[in-house]
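Source: prediction; values computed, not measured.
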Amino acid sequence: MASPRQLVWDRAGGRCEYCQLPQALTIVAHAIDHIISQQHHGGTTADNLYLACAHCNRHKGPNLSGIDPESNQLVRLFNPRVDSWTVHFRWRGATLEGLTDIGRGTIEVLAINDSDRIERRQLASQVGLFPPMDT
């Protein structure tokens with residue numbers, strides 16, 4: 001039986017479960033963290049753990065929600081254990097587009113489309129490492 005750490009890595013395919021950045025494209029190790037933080041009583045269980053790049057993990061922090069920039073309404077963040085990535089997001093070149101209020105709110109809170117992130121994805125695209133093929 002795989003360890004919880006190995007389960008999270010395998011399930012994510014070595015990519016951030018929010019922005020899909022592969023571990024191979026960053027020098028800072030991806031982190032395993034809680035979807036619902038421990039301060040909000042989230043457990044350290046397989047259904048509450050996710051793999052994230054340092055950028056997404058730092059911006060997500062203990063947040064559970066954000067503001068949808070289209071409606072200005074409070075929305076919950078994308079949950080990689082219960083939500084389908086392709087329902088909430090799609091790539092438009094190197095920019096991640098939110099298809100739903102949850103997708104848009106998550107992109108805003110995690111600052112997924114910061115200019116440096118877009119530039120990194122553009123460079124990765126030039127060498128055939130972006131976009132992820134199976135998202």
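Counting heavy atoms from C-beta on, the side chains of R5 and I32 come closer than 4.5 Å. A 4.5 Å side-chain heavy-atom check between L64 and H40 finds at least one atom pair inside the cut-off. Put simply, the side chain of L21 does not reach to within 4.5 Å of the side chain of H55, judged on heavy atoms. In this structure, the side chains of R104 and D101 come closer than 4.5 Å at one or more pairs of heavy atoms. H34 places a side-chain heavy atom less than 4.5 Å from the side chain of T44.
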Begin with the C-alpha distance, continue with both residues' side-chain angles, and end with the deciding distance and a verdict on side-chain contact (heavy atoms from CB on, under 4.5 Å) for R117 and C19.
CA-CA 9 Å; R117 305 297 287 176; C19 75; 3.3 Å; yes

Run the side-chain hydrogen bond (donor to acceptor under 3.5 Å, both in side chains) test on N57 and Y50 for me, step by step, so that the C-alpha distance in whole Å, both residues' side-chain angles and the decisive distance to 0.1 Å come before the verdict.
CA-CA 10 Å; N57 194 36; Y50 71 99; 3.0 Å; yes

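Both I35 and F89 sit in one connected hydrophobic cluster of ILVMFWY residues. Membership requires side-chain heavy atoms under 4.5 Å apart, directly or through other members. One hydrophobic cluster holds both L77 and Y18 under the rule that ILVMFWY side chains link at heavy-atom gaps under 4.5 Å. Neither F78 nor V75 shares a network with the other; the hydrophobic side chains, linked directly or stepwise wherever heavy atoms of I, L, V, M, F, W or Y lie under 4.5 Å apart, form separate groups for each.
Here L49 contributes atom CG and E17 contributes atom CD; the two are 9.5 Å apart, rounded to the nearest 0.5 Å. A distance of 13.0 Å separates SG in C53 from NZ in K60, rounded to the nearest 0.5 Å. Rounding to the nearest 0.5 Å gives a distance of 12.0 Å between CZ of R90 and OG1 of T95. Atom OG1 of residue T86 and atom CG of residue L99 lie 8.5 Å apart, to the nearest 0.5 angstrom. I102 contributes atom CD1, which lies 11.0 Å from atom OG of S65 (distance to the nearest 0.5 angstrom). One finds the CD atom of Q38 at 8.5 Å from the CG atom of N48 (value rounded to the nearest 0.5 Å).
Within 6.0 Å of atom CZ in R76, more than 12 heavy atoms from other residues, nucleotides or ligands are found, so the atom counts as buried in its surroundings.
Remark: D33 engages no residue in a salt bridge (charged side-chain N to carboxylate O under 4.0 Å, His left out) (not counting sequence neighbours).
The aromatic rings of W91 and W85 are tilted relative to each other, their planes meeting at an angle between 30° and 60°.
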Run the side-chain donor-acceptor check on residues 120-129: report pairs under 3.5 Å with partners two or more places apart or on a different chain.
{"unit_1": "R120", "atom_1": "NH1", "unit_2": "L25", "atom_2": "O", "d": "3.3"}
{"unit_1": "R121", "atom_1": "NE", "unit_2": "A94", "atom_2": "O", "d": "2.7"}
{"unit_1": "R121", "atom_1": "NH1", "unit_2": "I112", "atom_2": "O", "d": "3.2"}
{"unit_1": "R121", "atom_1": "NH2", "unit_2": "A94", "atom_2": "O", "d": "3.0"}
{"unit_1": "R121", "atom_1": "NH2", "unit_2": "I112", "atom_2": "O", "d": "3.1"}
{"unit_1": "R121", "atom_1": "NH2", "unit_2": "N113", "atom_2": "OD1", "d": "2.9"}

